[in-house]
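So the structure is just underneath, and the comments pick up after that.
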Amino acid sequence: RPAQPPPPAAAAKAGQPLPAAPPPRQLAPQHPAVQPQVAAQQPRPSPQQPRPQQTRPQQPQPQQPRPQQPRPQQPQPQQPRPQQPRPQQPRPQQPQPQVAADGTAASGAVRRVASGALSQPPPLKKPRLAGAPAAVAKAPPTTGPAPSPPSAPALLAADLRKRISALADKASALEALAAKRAGVAATRQPPEPVDEESEDEEGEEEEQLEPDVEVDGNLCSDAVLRLSRADPAAPFRRVVYLMRGPPGSGKSTAARFLLAQHMKLQGVDWRPGSNAAFVSISRAFILSTDDFFTKVDDRGKAEYHFNPSKLKEYHPKNQARCEASMELGLTPLFVDNTNISLWEMRDYLKAAEKFGYDVQVVDPQALGPGALDPVVLESRIGEGAEGRASGKEIPGHVLKRMVSNFEDLPPGLGSGSGPEAYAALGIVREARAPWERPPGPPVPSYAGLDVEARALARLGALELGPLFWEDQACGEGEGLESNLLDARCKDGANWSLPDRLHVTVRFFGRDPGADTIAAAEALVGSWFEVEARSLVFVRGGGLLCADVGIVGPGAEDLAALVGDDWLPHITLLNAKPWWPKDSNDLLSALKKASKEHARSTAATAAGGEDEEVIDLAGEEDVLAGPTSEEDPRAFVFPGLQVRGRAADVCVLPLDPPQPLGPCKFKLFFP
């Protein structure tokens, strides 16, 4: 350090002139409010010694920054800093700068010394170069007033931390459950062989696919995984799966598992859940005509509204949708229709060959047991079944028809790539729809007895009575038109007449069995005695039929052909909303009501003692009921339920029965 000049007292004793007073230390520019005080504190010459007359050289103001002393920070008025929503830690409050007694801003070291927090002098700070940004000094924690309550962003951050912690705990629990399932699947033993006879005695098979393999936390049948065409070396190879099977066979579930496997190889981690049938990724790659009947709302709830008249419109739409996806190269694709007949897959196969897709046909036999059992299928697709749209219910008789009409593929049919597979798929490529097939021998609609001439001859003159005619007999012909022939020949009547009067013995339908046709053909040309026992009609003439019986030899042969619940009858005429096929339901309801009336009458005659009740309606051909005041000949059963409609059923007994004579058995063609 440079030598200090002697004090003024020592200089006076030594006779030395007093040294010139050093220039006052120039401080950094201060706030205008404190500059007058700094000027007032500058040293003045001593009163004992006269001030030297020498002129004090003017000291220029130092313009260069001193490296030893950094320029103190200017005290800035503290502005409240807006709180930023930072979820980690709230930003600590900066302490207010302190002002010394002389009005100057006290440095951090002075404040720490004054507060007793610093015992050693603070280290020198590095000088800041001109133009460099000033570093923000971290203020030490100070003891001050109690902190203010946490703000809304701080509370939100705390709530988010709690939720993240809860989600982490749930993820740990799911990982533990997945590990447990993996251990169970690894230790599962192969199933023991089951005897077919014992299997039949046990009844229905399990509804779900046999859980043999675990795929991404979901159990899937090993047979389904063997059908996969996923290739890790070529994850984007074009593949289309043609799924087959009736509703409930498991084809849609298998399609979603196979899709998840393909997606994983493509880098998409998708795991199908209970509602996976209606998510976008599933509906984009799994193409079903039922999608056009299914409406999915904003919450993912699906409702199914089937309209048979829309099938001719929606099937071509689904085919066009598949071709557009193939043109874009989407893979894998799944055609998720029933495909009961082979020709239903033909157009999809041609589209796959056009756009270079490999074809994998998935038959229901590969989906597990019960895939072609109507009882098992009906139990799987009942109301409220998981993963099915609301309102998608399939009647049991429809499932039976689908199973019976299912066309099998040749065994060993695999992928559609290569010459061998191309030849194997030829049976699908050459399949034809029923309307495309060449005309063959006509198939009869039903078999029965031709009674046209004999029924009109014996029943045409019978009076039908006021219960039948009601509002039909009016005008000029009132009282003149009364019998069956008048009704059939009445001008302007709304009745429909059958093409030919007959007694239906067996109705064949669309797909009659060869054995049934052969049994009916064996009876063609035979003659059977027929008698009419009563006329049965709906009040007002909506439906009129004759209850008949087969008498004489050969009646057992007809009963064997038709079955147990046969009610032989002749439909004479009908008007909408009634149809000729409603005659069987009309007679069935009438027989039941007649037996109930007979029991009630017998109980009344026996004095109400139930043990002596005699069933007077034990014979099927006996009809009895309450008589009508309008027509004493007729019995009236009011409010009978016939095919969901309430109707007053009237009976005109024929006593004695009217014999129609021998009638010929024949086949009736459309």
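Note that the structure is a prediction, hence the values are computed from the model and not measured.
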side-chain contact (heavy atoms from CB on, under 4.5 Å) assessment of His305 paired with Phe293: CA-CA 5 Å; His305 303 280; Phe293 296 105; 5.7 Å; no
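- Closest of all the heavy-atom pairs between Leu497 and Leu572 is CD2-O, 4.0 Å.
- Listed by chain and residue number, nothing satisfies the side chain to side chain contact (heavy atoms under 4.5 Å, CB included) test with Asp515 (two or more places apart in sequence, or in another chain).
- In terms of heavy-atom proximity, Phe507 sits nearest to Ser445 at CD1-O, 3.7 Å.
- From Trp343, atom CH2 reaches atom CG of Asn339 across 9.5 Å, with rounding to the nearest 0.5 Å.
- At least one side-chain heavy atom of Ser249 sits under 4.5 Å from a side-chain heavy atom of Leu377.
- Contact record, Phe278 with Val296: CB-CG2, 4.2 Å, taken as the closest heavy-atom pair.
- Between Val375 and Glu378 there is no side-chain heavy-atom pair separated by less than 4.5 Å.
- Rounding to the nearest 0.5 angstrom, the gap separating the CZ atom in Arg244 from the CD atom in Glu407 is 7.5 Å.
- When the side chain to side chain contact (heavy atoms under 4.5 Å, CB included) test is applied to Ser496, the partners found at least two apart in sequence or on another chain are Asn574.
- To the nearest 0.5 Å, atoms CD (Glu323) and CG (Leu333) are separated by 11.5 Å.
- Residues Lys310 and Phe292 are not in side-chain contact: their nearest non-hydrogen atoms beyond the backbone lie 4.5 Å or more apart.
- Remark: side-chain polar atoms of Arg380 are paired, donor with acceptor, to backbone N or O of Gly248 under 3.5 angstrom.
- Under the rule for a side-chain hydrogen bond (donor to acceptor under 3.5 Å, both in side chains), the partners of Arg633 that lie at least two apart in sequence or sit in another chain are Asp631.
- You'll find the side chain of Tyr241 stays beyond 4.5 Å of the side chain of Ile286, heavy atoms only.
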Can you check side-chain contact (heavy atoms from CB on, under 4.5 Å) on Val642 and Leu543, steps first, answer last? CA-CA 11 Å; Val642 181; Leu543 180 63; over 6 Å; no
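- How far CZ of Phe528 is from CG of Leu558: 4.0 Å, rounded to the nearest 0.5 Å.
- Remark: side-chain polar atoms of Asn337 are paired, donor with acceptor, to backbone N or O of Thr289 under 3.5 angstrom.
- Taking the centre of each ring, Tyr446 and His502 come in below the 6.0 Å mark.
- Nearest approach of Gly541 to Leu573, heavy atoms of both residues: O-CD1, 4.2 Å.
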So Arg346 and Leu342, side-chain contact (heavy atoms from CB on, under 4.5 Å) or not? Walk me through it. CA-CA 7 Å; Arg346 180 187 59 192; Leu342 299 181; over 6 Å; no
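- Counting all heavy atoms, side chain and backbone alike, Pro374 lies closest to Lys400 at CB-CG, 3.8 Å.
- Screening residues 579-589 for salt bridge (charged side-chain N to carboxylate O under 4.0 Å, His left out) gives Asp582-Arg643, Asp582-Arg645, Asp585-Arg643 as the qualifying pairs, with residues at least two apart or on separate chains.
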Any chance you could lay out the side-chain contact (heavy atoms from CB on, under 4.5 Å) test for Leu459 and Gln658, step after step, and finish with the verdict? CA-CA 8 Å; Leu459 305 177; Gln658 298 292 320; 4.3 Å; yes
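- No donor-acceptor pair closer than 3.5 Å links the side chain of Ser600 to the backbone N or O of His597.
- In this structure, Asn307 places its CG atom where more than 12 heavy-atom neighbours from other residues, nucleotides or ligands lie under 6.0 Å away.
- With hydrogens and angles ignored, the 3.5 Å screen pairs a side-chain donor or acceptor of Lys251 with a backbone N or O of Gly245.
- Among residues two or more places apart in sequence or in another chain, the side-chain hydrogen bond (donor to acceptor under 3.5 Å, both in side chains) test is passed with Arg506 by none.
- Side-chain contact check for Tyr348 versus Asn318: some heavy-atom pair is nearer than 4.5 Å.
- Counting only heavy atoms from C-beta outward, the side chains of Leu590 and Phe635 never approach each other to under 4.5 Å.
- A side-chain donor-acceptor contact under 3.5 Å links Arg458 to the backbone of Pro659.
- For the side chain to side chain contact (heavy atoms under 4.5 Å, CB included) with Cys545, the qualifying choice from Val536, Ile570, Leu535 is Val536, the only one to do so.
- The main-chain N or O of Leu567 is found under 3.5 Å from a side-chain atom of His569 such that the two form a donor-acceptor pair.
- Listed by chain and number, the residues in a side-chain hydrogen bond (donor to acceptor under 3.5 Å, both in side chains) with Glu452 amount to none (sequence neighbours excluded).
- To the nearest 0.5 Å, atom CG of residue Asn483 and atom CG of residue Leu485 are 5.5 Å apart.
- You'll find the ring centres of Trp495 and Phe537 outside the 6.0 Å limit.
- Shown are Ser288, Ser282, Ser252; of these, the side-chain hydrogen bond (donor to acceptor under 3.5 Å, both in side chains) with Asp336 is made only by Ser252.
- Residues Lys490 and Trp469 meet the side-chain proximity criterion, which asks for heavy atoms closer than 4.5 Å.
- Using a cutoff of 4.0 Å between basic side-chain nitrogens and carboxylate oxygens, Asp547 and Lys591 are scored as salt-bridged.
- Closest non-hydrogen pair, Phe669 versus Pro442, comes out as CE2-O, 3.6 Å.
- In this structure the side chain of Phe406 never reaches within 4.5 angstrom of the side chain of Thr338, judged on heavy atoms.
- Interatomic distance, CG of Leu652 versus CG of Leu467, reported as 7.5 Å (0.5 Å rounding).
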